[in-house]
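Numbers for residues simply follow the sequence, beginning at 1.
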Amino acid sequence: MDSSLTFRAGIKDVIPTVFGYIGVGLAMGIVANTSHLSVWAVLLMSLIVYAGSAQFIIVSMLLAGSPISAIVLSTFLINSRMILMSMSVAQYFKKESLLQNIGLGSLLTDETFALSMNKLNQTNQQLKTSWLHAANIVAYLVWAAATVVGCLLGNLITDPNQFGLDFAVVGMFIGLLYLQIITDRSKSLPTQLWVVLFVALAMYFLMRWVPGNLALIFATLLGCGFGMVVDHKLVLTFL
């Protein structure tokens with residue numbers, strides 16, 4: 001990853017990330033196939049919903065005969081973390097049109113958000129629509145293609161977990177976190193490590209009482225506040 005913010009650079013930067021999409025997308029397609037969804041249904045779901053964890057939930061709820069209202073509410077809660085991520089990215093596109101911002105926000109994912117945060121360390125805290133559009137569109141198309149291929153292969157693979165596909169996104173985020181830590185020069189290494197540890201512990205305890213996606217939102221907000229306190233104390237210590 002370098003400081004280039006062209007459309008071509010966006011494609012290049014997102015390529016390593018989409019391998020996680022391929023693994024989970026194949027698993028999603030296989031699960032949908034075993035739940036008797038057609039290829040066209042899987043494709044439309046991936047193009048319209050475009051949310052890995054939510055799509056798994058939707059498939060299971062459709063199979064259980066859940067009402068549409070419950071499916072919509074569950075999908076909203078699962079993806080509510082995107083509100084925080086979109087707000088974080090939006091500040092870099094204040095001068096862009098509403099249409100541009102809608103386009104960027106509609107296709108923003110956990111992975112392209114993390115990629116954007118890493119890119120900021122290489123570009124003096126700058127982002128461009130061309131770069132993010134490229135990253136978003138490639139990820140979008142790869143996800144849709146992977147779910148369709150997974151659905152087609154569903155009759156051949158009965159247990160996707162035996163191939164470790166369920167760990168693909170986890171491994172990808174570990175790599176993105178590592179890159180963020182070693183490239184972010186705006187915060188000291190001790191500050192970043194303390195925040196990582198705090199968020200991990202917060203998630204561990206919060207998931208005992210609240211659903212995972214709500215726990216993620218609460219842990220993120222707590223981590224932001226904790227990071228500000230720790231960074232301030234470290235600065236005063238060095239002064």
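- Considering only heavy atoms from C-beta on, V18 comes within 4.5 Å of V138 through its side chain.
- Residues E111 and Y21 approach most closely at OE1-OH, 2.9 Å, considering heavy atoms.
- To the nearest 0.5 angstrom, Y92 atom OH is 12.0 Å from L132 atom CG.
- At least one donor-acceptor pair under 3.5 Å links the side chain of S130 to the backbone N or O of L5.
- Between atom NZ of residue K95 and atom CD of residue Q100 there is a gap of 15.0 Å, rounded to the nearest 0.5 Å.
- One finds the CG atom of L44 at 10.5 Å from the OG1 atom of T147 (value rounded to the nearest 0.5 Å).
- Under a hydrophobic-cluster definition in which Ile, Leu, Val, Met, Phe, Trp and Tyr are linked whenever side-chain heavy atoms come within less than 4.5 Å, directly or via other members, F113 and I83 are assigned to different clusters.
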Exercise. Dump the intermediate steps for side-chain contact (heavy atoms from CB on, under 4.5 Å) on L26 and V149, then the final yes or no.
Key: CA-CA 6 Å; L26 289 173; V149 172; 3.8 Å; yes

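- Expressed to the nearest 0.5 Å, how far CD1 of I22 lies from OG1 of T17 amounts to 11.0 Å.
- The aromatic rings of Y140 and Y50 sit perpendicular to each other, their planes meeting at more than 60°, with 30° as the lower class boundary.
- In this structure, I71 and L62 have side chains that are in contact, with non-hydrogen atoms separated by less than 4.5 Å.
- Side chain of S86 to main chain of M82: a donor-acceptor pair is present (N/O by atom type, distance under 3.5 Å, no hydrogens or angles).
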Exercise. Begin from the C-alpha positions of L37 and N33 and carry the test side-chain contact (heavy atoms from CB on, under 4.5 Å) through to its verdict.
Key: CA-CA 5 Å; L37 291 183; N33 177 273; over 6 Å; no

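- L99 and F93 fall into different hydrophobic clusters, where Ile, Leu, Val, Met, Phe, Trp and Tyr are joined by side-chain heavy atoms under 4.5 Å apart, directly or via other members.
- Nearest approach of V195 to G223, heavy atoms of both residues: CG1-O, 4.1 Å.
- In this structure, the side chains of K128 and T6 stay at 4.5 Å or more apart for every pair of heavy atoms.
- When all heavy atoms of E96 and N101 are compared, the pair lying nearest together is O-ND2, 3.4 Å.
- Hydrophobic clustering (side-chain heavy atoms under 4.5 Å, transitive across Ile, Leu, Val, Met, Phe, Trp, Tyr) keeps L108 apart from M87.
- Put simply, OG on S46 and CE on M28 are 6.0 Å apart, with the number rounded to the nearest 0.5 Å.
- Residues V24 and W143 form a side-chain contact, since some pair of their non-hydrogen atoms from C-beta on lies under 4.5 Å apart.
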Exercise. Start with the C-alpha distance between L127 and S116, add both sets of side-chain angles, then the distance that settles side-chain contact (heavy atoms from CB on, under 4.5 Å), and finish with yes or no.
Key: CA-CA 8 Å; L127 287 176; S116 299; 4.1 Å; yes

Practice problem: Could you check Q55 against V31 for side-chain contact (heavy atoms from CB on, under 4.5 Å), going step by step and ending with a plain yes or no? | Solution: CA-CA 10 Å; Q55 287 181 232; V31 170; over 6 Å; no

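- Hydrophobic cluster membership differs between I102 and F76, with clusters built from Ile, Leu, Val, Met, Phe, Trp and Tyr side chains linked at under 4.5 angstrom.
- Taken to the nearest 0.5 Å, the CG atom of D110 stands 12.5 Å off from the CG atom of L115.
- For the residue pair V42 and C151, the shortest heavy atom distance occurs at CG2-SG, 3.8 Å.
- The main-chain N or O of L120 is found under 3.5 Å from a side-chain atom of Q125 such that the two form a donor-acceptor pair.
- Heavy-atom minimum distance, N136 versus L104: ND2-O, 3.3 Å.
- When all heavy atoms of T112 and A135 are compared, the pair lying nearest together is CG2-O, 3.9 Å.
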Quiz item: Does the pair Q126 and W131 meet the rule for a side chain to side chain donor-acceptor pair (under 3.5 Å), with working shown?
Solution: CA-CA 11 Å; Q126 298 293 320; W131 180 86; over 6 Å; no

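- Looking at L201 and F198, their side chains never come closer than 4.5 Å, going by heavy atoms from C-beta outward.
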